[in-house]
Every structure is written in C-alpha cells, then in structure tokens.
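Numbers here simply count residues along the sequence, with the first being 1.
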Amino acid sequence: MPYHALEITLIRPLTPAELHQAARTMPLAANHDATRLMTVVHAKTERKALSRLRHQADALLPLDIITTHYPDADGQILLSVTLPPAAHTALRTVASHTGQPPHRFLQQTIHRALDRHASNEADRLDQVVTCLLASTTAPHLLAALGRALTRTLGAHSAECHR
C-alpha cells in the first residue's frame, strides 16, 4: 500500500503540548504557527487515507479541513470537511432540489466558484496590464515583471495597492 501526503488545516493553533501528543501517534510537521500540519498516511487510495486520518485525528486535533497534498490521477485535490449539523442539513436540502447527492452538489458548487474566481482574477490582471501598458512600453513592463518575479513575495506585499 502506498503512502499519501495529507495537509491538515486546524480550527485554531495547537499548543506545544497538543502538538507533542498528536505527534506521538502519527508523523506530523507543523507550520510556523501550528495552524497547518502535514502528515503521511498508509492506505490503498487517497479517499481511504483522508478517512483514516479523520478517524485517527478527530479526537486529538481541532480539525477543520484535510486535503490531499498532491493531485490524484484526475488532477484533483481531494478535500475532507466535516460540516456542522445545520450546514449539513441545509446542504442535503439544496442538493435534493437539484436531484444530486450532497457530495456531488458541493463538488460542483466548489468547482464553479473556483472557475469564477480564476476568471475574475484573469480579468483583473488583464485590466492592470492594460493600464500599465498605457504608461510604459512592453519591454519595460516585461523587465519590471522579471525583476518582481525574482524577488521574494514578502518584500512586495507592502508595495502593492489594490
């Protein structure tokens, strides 16, 4: 059976004691503020790995979302979310009106939202580039973009205006 890399997003940061306790039962790597963790799970499939981790870690960690770290054979990142009962009931109700099972309805809704976001971002960038090209030449803009891409992202965050 293969190992699957999974990423855990937590509801709140872990205390050092919670992280130590959880790390005694599974391999974990935490980010700088212990709100996101990485682990590997031994399972036949990505779905089984997500399920196994949720079952194993639910009592140990304040889980919010678990995702596969690498895309599956279809290029998809799998997502495991436990919804509050009221949200789950609302999802079942809306999904039944469309004639779809809740997981399929949620999957299609998320895909549409991501497609809409990508389209909006492309439109926004097109507008910004058009404005920049109105006041400079293409070679100067490309040179500036090259310089920006070679710097670290954090150095630019204070310079950006939305």
Side-chain angles (χ1 to χ4, degrees), residues 1-95 100-125 128 145-162:
M1 279 195 293
Y3 285 92
H4 302 278
L6 303 177
E7 184 171 349
I8 304 166
T9 303
L10 301 169
I11 295 170
R12 61 171 175 75
L14 292 180
T15 66
E18 289 172 318
L19 181 57
H20 178 72
Q21 178 66 27
R24 292 174 56 147
T25 63
M26 67 186 84
L28 290 174
N31 70 335
H32 70 283
D33 63 357
T35 57
R36 293 172 56 188
L37 307 172
M38 290 293 299
T39 191
V40 290
V41 175
H42 196 61
K44 280 187 176 180
T45 67
E46 292 92 350
R47 288 186 193 285
K48 287 184 180 184
L50 288 170
S51 178
R52 183 170 288 160
L53 178 59
R54 182 156 299 274
H55 178 73
Q56 182 182 6
D58 228 4
L60 291 172
L61 301 169
L63 298 177
D64 189 11
I65 299 169
I66 303 172
T67 62
T68 52
H69 188 66
Y70 299 107
D72 66 7
D74 297 323
Q76 302 294 308
I77 298 292
L78 302 182
L79 176 72
S80 173
V81 180
T82 300
L83 298 174
H88 196 268
T89 300
L91 175 61
R92 275 197 317 265
T93 302
V94 172
Q100 296 177 316
H103 75 278
R104 174 67 65 199
F105 175 79
L106 187 58
Q107 180 184 34
Q108 289 179 348
T109 301
I110 289 170
H111 279 268
R112 281 193 302 272
L114 290 171
D115 288 346
R116 200 169 37 252
H117 173 74
S119 176
N120 290 344
E121 182 67 0
D123 290 346
R124 184 186 72 78
L125 289 172
V128 169
L145 181 59
R147 286 190 304 274
L149 290 173
T150 59
R151 295 183 202 142
T152 62
L153 180 61
H156 294 297
S157 60
E159 299 172 20
C160 297
H161 303 286
R162 282 204 166 233

With a cut-off of 6.0 Å (strictly less than), are more than 12 heavy atoms of other residues, nucleotides or ligands near NE2 of His20?
no
Scan residues 22-34 for pairs that pass side-chain hydrogen bond (donor to acceptor under 3.5 Å, both in side chains), counting only residues two or more places apart or in two chains.
Asn31-Asp33, Asn31-Thr35, Asp33-Thr35
Can you give me the closest heavy-atom contact between Pro71 and Ile77, atom names plus distance?
N-CD1, 3.5 Å
Identify the two heavy atoms, one from Leu28 and one from Ala22, that lie closest to each other, and give their separation to 0.1 Å.
CD1-CB, 3.6 Å
Compare every heavy atom of Lys44 with every heavy atom of Pro2, then report the nearest pair and how far apart it is.
CG-O, 4.0 Å
N/O donor-acceptor pair under 3.5 Å between Ser51 side chain and Arg47 backbone
no
Gln76 backbone acceptor or donor facing Asp74 side chain under 3.5 Å
no
Minimal heavy-atom distance between Glu18 and Leu14, with the atoms involved, is OE1-CA, 3.5 Å
Heavy atoms of Ala30 and Leu37 approach each other most closely as CB-CD2, 3.5 Å
If only atom types and distance count, is the side chain of Arg52 paired as donor or acceptor with the main-chain N or O of Val41 below 3.5 Å?
no
Pairs meeting criterion ring pair (Phe, Tyr, Trp, His ring centres under 6.0 Å) with involvement of residues 67-95, two or more places apart
none
Answer yes or no: is there a donor N or O on one side and an acceptor on the other, between the side chain of Thr68 and the main chain of Leu78, under 3.5 Å?
yes
Sidechain-backbone polar pair: Ser119 side chain, Asp115 backbone, donor-acceptor under 3.5 Å:
no
Looking at Pro27, is its backbone amide N or carbonyl O close enough to the side chain of Thr39 to form a donor-acceptor pair, meaning the two atoms are under 3.5 Å apart?
yes
